[in-house]
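What follows is a set of notes on a single structure, which appears directly below.
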Amino acid sequence: MLRLHDTASGRLEVVRAPEGAPLRLYVCGPTVYGPPHIGHGRQSLVYDVLRRYLEWTGQPVHHVSNVTDVDDKIINRAGSELRDWREIAEESEQSWWQAMDLMGLARPDETPHATEFIPGMVEVIEQLVARGAAYEIDDGVYFSVAAVPDYGLLAHQPLESLRSGARVEVASGKRSPLDFVLWKKAKPGEPSWPSPFGPGRPGWHTECVVMSLGLLGEGFELHGGGTDLKFPHHENERAQAVALGRRFAAHWMHHGMVEVGGAKMAKSIGNVTDLGELLASTDPRAYRLLVLQSHYRAPIEVTPVQLEAASQTLERLDSLARRLEEAPGGELAPAADPGLLESFRERMDDDLDTPRAMAMVFDAVRLANALLAGDDVAGGVARGRQALECAAAVGLRAAIPAVVSEAAAELASRRDRARAERDWAAADHLRDELVALGYRVEDTASGTRVYR
RNA sequence: GGCGGCGUGGCCGAGUGGUUCAGGCAAGGGCCUGCAAAGCCCUCUACAGCGGUUCGAUUCCGCUCGCCGCCUCCA
């Protein structure tokens with residue numbers, strides 16, 4: 001039974017779908033105005049892990065994640081590059097999915113685009129105006145936070161204290177500095193859609209309300225996103241739903257930021273590492289492992305040193321997989337002792353304690369290796385398979401050794417013959433040849449093992 | 001100013017009121033091996049500081065110092 005830290009209550013809460021139904025998960029996706037950075041990568045990994053884990057336990061998931069494809073940032077970039085805003089959005093989204101595929105992420109079941117839901121958003125805005133929760137002024141339609149008695153629930157601050165800290169300028173006509181724009185009236189040259197308030201485009205906070213409720217339904221189980229979205233984005237989503245009289249997310253989860261030298265990585269600060277860059281230079285699994293080795297709510301540093309350490313760790317997983325593949329009688333290994341799988345689930349169910357879960361996995365890896373090296377091969381295989389299964393449950397797959405070329409296989413068997421004849425010079429020479437071909441060479445009880 | 005979080009061994013990074021432990025990386029020693037690689041074993045015994053509670057605190061409470069996040073766009 002999964003329990004997660006719920007941002008709304010501040011406590012661990014059981015997150016559960018109705019019997020037999022998929023667990024409905026909504027995650028705030030990217031605004032596509034540039035290539036994804038490693039912070040986006042972490043986010044996608046966190047929810048990929050959650051989703052895979054749930055599915056592994058037999059709980060299906062209905063995962064929706066939006067794509068904000070119309071927004072000031074996109075429009076501004078289009079303006080400065082003298083290009084069509086749609087082109088920016090499309091190309092940025094492409095690079096997004098490219099990176100996600102490279103990371104081995106299961107795509108969300110649905111990826112709604114803001115521009116596809118504008119009529120629905122206009123409808124919601126009209127309803128909010130009709131209910132007195134929104135008002136129109138010169139430049140747009142604004143939501144009145146005063147209309148929601150428990151505004152500040154996610155921020156854990158009363159309206160008054162949020163207002164006193166507000167750094168945002170009071171737009172002319174806004175009733176409260178915290179009021180936020182629902183509909184932006186178009187200026188000349190800006191993309192626009194028709195509405196009763198004149199041509200314009202929606203503000204950012206409305207799309208997620210319309211898409212999540214529309215695609216998942218009221219009271220969907222879980223809404224996620226970066227901790228920086230708690231306020232105001234998620235607060236404002238929720239405020240709209242409340243003002244509409246609709247049940248919104250039952251639970252909220254927020255993941256921590258990627259930091260650089262202790263400071264949040266953000267495009268606005270300029271300390272951003274491109275995700276594509278990282279994936280080009282590292283085994284993408286290393287980033288997944290790095291994410292798994294820290295808790296999702298904690299901030300993480302992603303440095304070359306850490307990625308290198310993670311890659312080394314991965315090598316333990318991969319070498320175990322090679323060993324299992326060759327273990328004599330592996331097919332006859334006894335059924336896995338459920339002990340590890342049970343404790344693994346316990347750790348995961350406790351607010352996705354992936355660091356401890358991973359510690360258990362690597363503990364099991366070590367134990368499996370010890371058994372395999374000793375006289376309990378069957379036990380080692382069973383234990384090893386458990387370890388690999390747990391890793392796979394969170395999307396971490398041991399590398400499947402590349403198919404060895406005929407030439408390499410020939411070199412390997414010649415080396416075995418040389419070794420049998422104790423012709424070490426020839427054996428070492430053959431090993432060098434294999435290495436030159438890009439293979440790694442290990443000796444095993446059954447002879448030379450080559451892999452890439 | 002308000003709200004929230006953090007400070008752990010050479011590095012990263014978990015966790016807990018008390019016997020033995022996170023885990024990984026790195027380092028050193030050993031085993032195995034013709035050598036190497038992989039693997040296994042051992043070593044490296046830390047919890048910012050100061051008080052308090054307690055039979056006992058890294059873990060609870062208070063204070064101090066340092067750092068960070070949110071309150072504006074942001075994953």
Side-chain angles (χ1 to χ4, degrees), chain A residues 7 10 27-31 33 36-47 65 71-73 152 154-158 160-169 177-178 180 204 224-233 235 254-259 261-269 272 289-290 292-295 297-301 303 305-316 318-320 322-323 347 353-363 365-374 419 422-425 427-428 431-432 435 440-444 448-449 451:
Chain A
T7 308
V27 180
C28 279
T31 298
Y33 67 103
H37 57 64
I38 57 180
H40 296 120
R42 181 191 192 184
Q43 148 152 316
S44 301
L45 285 165
V46 164
Y47 295 102
S65 188
D71 172 89
D72 287 2
K73 290 202 177 82
L154 294 175
H156 292 288
Q157 287 196 78
E160 222 7 82
S161 102
L162 284 165
R163 190 206 306 269
S164 69
R167 285 176 280 164
V168 61
E169 284 177 30
L178 296 170
F180 55 93
W204 179 39
T227 184
D228 55 348
L229 297 187
K230 269 186 225 174
F231 192 93
H233 182 54
E235 191 77 52
H254 291 95
H255 64 269
M257 301 288 100
V258 170
E259 299 188 344
K264 173 183 165 184
M265 191 186 75
K267 291 184 192 178
S268 51
I269 303 174
V272 170
L289 180 57
L290 203 55
L292 287 166
Q293 282 177 320
S294 59
H295 189 85
R297 284 193 281 126
I300 55 170
E301 295 272 347
T303 64
V305 171
Q306 296 217 56
L307 287 167
E308 174 54 27
S311 298
Q312 291 303 320
T313 308
L314 234 31
E315 181 53 36
R316 291 177 62 71
D318 293 346
S319 75
L320 174 64
R322 292 194 294 273
R323 226 161 269 129
R347 294 328 318 157
D353 189 358
T354 56
R356 294 259 321 246
M358 285 301 102
M360 288 178 38
V361 166
F362 285 100
D363 229 5
V365 168
R366 185 191 47 72
L367 179 59
N369 281 328
L371 293 174
L372 288 169
R419 292 188 71 224
R422 308 184 73 78
D423 182 354
W424 309 128
D428 289 351
R431 178 166 60 201
D432 291 345
V435 169
R440 296 171 70 178
V441 179
E442 287 174 4
D443 288 348
T444 74
T448 297
R449 171 197 288 152
Y451 65 97

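A note on names: the letters A, B, ... follow the listed sequences, proteins ahead of strands, and every chain is numbered from 1. Worth knowing before you read on, the calculation uses all heavy atoms, side chains too, and leaves out hydrogens, waters and symmetry mates.
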### Query
Would you say the side-chain atoms of A:His255 pair up with the backbone N or O of A:Gly225, donor to acceptor, closer than 3.5 Å?
yes
### Task
From the options B:rA37, B:rG2, B:rG24, select the nucleotide whose nearest atom is closest to the side chain of A:Gln157.
B:rG2
### Task
Taking only the side-chain nitrogens and oxygens of A:Arg366, find out if one of them lies under 4.0 Å from OP1 or OP2 of B:rC41.
yes
### Query
Would you say A:Lys264 reaches B:rC70's phosphate, i.e. side-chain N/O to OP1/OP2 under 4.0 Å?
yes
### Task
Counting heavy atoms from C-beta on, name the nucleotide in B:rC70, B:rU72, B:rC40 closest to the side chain of A:Asn369.
B:rC40
### Message
Looking only at the side chain of A:Gln312 (C-beta and beyond, no hydrogens), which of the listed nucleotides B:rA26, B:rC70, B:rG39 gets closest?
### Response
B:rA26
### C1' spacing across the pair B:rC55 / B:rU64, given as an integer number of angstrom
29 Å
### Message
Using only modelled atom types and a 3.5 angstrom limit, is any donor from either the side chain of A:Arg316 or the base of B:rG39 paired with an acceptor on the other?
### Response
no
### Query
Quick one: does A:Glu301's side chain have a donor or acceptor within less than 3.5 Å of a partner on A:Gln306's backbone?
no
### Task
Evaluate whether the aromatic ring of A:Phe362 and the six-membered ring of the B:rG23 base sit under 5.5 Å apart, centre to centre, with an inclination under 30°.
no
#### Entry: B:rC63 and B:rG5, which share atom name P, separated by this distance in whole Å
14 Å
### Query
What integer number of Å spans the P atoms of B:rC44 and B:rU54?
35 Å
### Query
B:rC6 pairs with which nucleotide, Watson-Crick or G-U wobble, both distances below 3.5 Å?
B:rG66
### Query
Between B:rA75, B:rA38, B:rC71, which one does the side chain of A:Ser319 approach most closely?
B:rA38
### Summary
As its Watson-Crick or G-U partner within any shown strand, both distances under 3.5 Å, B:rG51 has B:rC61
### Query
Rounding to the closest angstrom, what is the interatomic distance between B:rG49 and B:rG9 at atom P?
11 Å
### Task
Give a yes or no on whether a donor-acceptor pair under 3.5 Å exists between the nucleobase atoms of B:rG34, that is its base, and the side chain of A:Asp428.
yes
### Closest nucleotide among B:rG2, B:rA75, B:rU72 to the A:Leu178 side chain
B:rU72
### Task
From the options B:rA14, B:rA26, B:rC40, select the nucleotide whose nearest atom is closest to the side chain of A:Arg356.
B:rA14
### Query
Given side chains that start at C-beta, do those of A:Asp228 and A:Lys264 come closer than 4.5 Å, heavy atoms only?
yes
### Task
Begin from the C-alpha positions of A:Arg42 and A:Glu259 and carry the test salt bridge (Lys or Arg N to Asp or Glu O under 4.0 Å) through to its verdict.
CA-CA 11 Å; A:Arg42 181 191 192 184; A:Glu259 299 188 344; over 6 Å; no
### Task
Hey, which sits more toward the 5' end of RNA chain B by its nearest nucleotide, A:Ala359 or A:Ala298?
A:Ala298
### Task
Kindly point out which of B:rG15, B:rC71, B:rA38 is positioned nearest to the side chain of A:Asp353?
B:rG15
### P spacing across the pair B:rU16 / B:rG29, given as an integer number of angstrom
36 Å
### Message
Base of B:rA36, side chain of A:Arg431 - is there a donor-acceptor contact under 3.5 Å?
### Response
yes
#### Entry: Whole-Å P distance, B:rG13 and B:rU8
9 Å
